[in-house]
Amino acid sequence: MSALSELYQEIALCQQCELAKYRTKVVPGEGAEEADIMFIGEAPGWHEDQQGRPFVGPAGQYLDQLLASINLNRKQVYIANVIKCRPLGNRDPLPSEMLNCRKWLERQIGLIHPKMIVTLGRYSMAMFFPNKSISKIHGSAQKRDNVIYYAMYHPAAALHQQSLRRAIEEDMLKIPSLLAQAESVVETKQQPQQLTMFEV
Ligand code: SF4
């Protein structure tokens, strides 16, 4: 069994916050264990809670389309959420829930070692780009400790708003060049504290 599968078993037993009482299934995440790109959304919705898989409802189908636009599918990337259990009524995650659940995401990132972390929506953005506004920073990236952090709107929000839809589709198309650029900037390993903000 892989370390990631063992981690899933640990997450499935987690009772650290109240959301455990109401979940049908925990939704740890899925995808390639050695993925270059990790997409991080907010929290499971109804479909995800039923299936125990991330992004399987309408927003997930849209995410699949977005991935296809850069010639990827979900088996080639890793997809997870900040919160592993569904908040009742699809309400927004509470700060305390995000804090409790954060350790699981951190361990996933530690095992996968992605070259690029793409935040989907403002809750996952807040973990990696504190005190920023998604309307201002979507489509821009930071490089920290040799990982590219890239903020995008959440597919669920973009599904229903034409302006956001255009933005998320354009932002997705920038990912391949960002990743290629990241690989060429090897010297950042020697400057792990340096933040590099760049637009593509
Ligand atoms: S949401 Fe996270 S911290 Fe809360 S019970 Fe589920 S796995 Fe545990």
Side-chain angles (χ1 to χ4, degrees), residues 1-64 66-67 74-114 116-132 134 144-145 147 149-159 168:
M1 185 184 288
S2 70
L4 204 52
S5 299
E6 285 176 13
L7 179 61
Y8 294 162
Q9 292 191 342
E10 280 189 65
I11 299 173
L13 297 174
C14 180
Q15 303 280 333
Q16 205 165 338
C17 77
E18 221 186 39
L19 299 183
K21 286 189 207 159
Y22 308 107
R23 70 186 174 212
T24 309
K25 290 185 176 171
V26 75
V27 185
E30 68 178 28
E33 300 205 355
E34 296 183 359
D36 283 345
I37 310 174
M38 187 166 178
F39 290 86
I40 302 175
E42 182 177 309
W46 185 86
H47 295 279
E48 290 76 17
D49 175 68
Q50 294 293 306
Q51 296 185 38
R53 299 179 56 213
F55 282 91
V56 288
Q61 288 159 16
Y62 186 41
L63 179 59
D64 288 346
L66 292 167
L67 288 171
R74 61 167 59 214
K75 290 184 179 161
Q76 296 170 292
V77 300
Y78 194 86
I79 303 172
N81 284 307
V82 171
I83 298 276
K84 309 302 187 193
C85 304
R86 179 187 179 222
L88 272 185
N90 289 348
R91 65 160 168 74
D92 292 339
L94 302 175
S96 60
E97 292 163 350
M98 291 178 62
L99 198 62
N100 281 329
C101 216
R102 186 183 176 120
K103 65 177 179 186
W104 300 126
L105 183 63
E106 286 174 347
R107 284 177 62 187
Q108 284 174 305
I109 293 169
L111 290 171
I112 295 163
H113 288 302
M116 182 169 190
I117 289 179
V118 180
T119 63
L120 299 172
R122 57 201 168 96
Y123 287 93
S124 59
M125 179 204 70
M127 282 186 73
F128 301 100
F129 300 91
N131 306 315
K132 300 288 183 192
I134 194 161
R144 300 197 293 262
D145 297 346
V147 177
Y149 295 87
Y150 186 59
M152 287 176 53
Y153 284 110
H154 195 285
L159 257 183
I168 198 173

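The model shown is predicted, which means the values in this text are computed figures rather than measured ones. Whatever order the structure lists ligands and atoms in, that order sets their numbers, starting from 1.
Here Glu10 pairs with Arg107 in a salt bridge; the nearest charged N to carboxylate O distance falls below 4.0 Å. The existence of a salt bridge linking Glu18 and Lys21 is confirmed by a sub-4.0 Å separation between a basic side-chain nitrogen and an acidic carboxylate oxygen.
Under a 4.0 angstrom heavy-atom cut-off, Arg23 registers as being in contact with ligand 1.
In this structure, atom 6 (Fe) of ligand 1 lies nearest to the protein heavy atom Cys85 SG, 2.3 Å.
Between the side chains of Lys84 and Gln16, not a single donor N or O lies within less than 3.5 Å of an accepting N or O. No side-chain N or O of Ser124 forms a donor-acceptor pair with one of Glu42 less than 3.5 Å apart.
Cation-pi geometry between Arg144 and Tyr149 is satisfied (NZ or CZ under 6.0 Å from the ring centre, within 45° of the ring normal).
Using a cut-off of 2.8 Å, one finds that Cys17 contributes no N/O/S atom close to atom 6 (Fe) of ligand 1. Atom 8 (Fe) of ligand 1 does not have Cys101 among its coordinating residues (no N/O/S atom, backbone or side chain, under 2.8 Å).
Annotation for ligand 1: atoms under 4.0 Å from non-hydrogen atoms of Lys84 are 7 (S).
With atom 3 (S) of ligand 1 as the reference point, the heavy atom nearest to it among Cys14, Ala12, Ala20 is part of Cys14.
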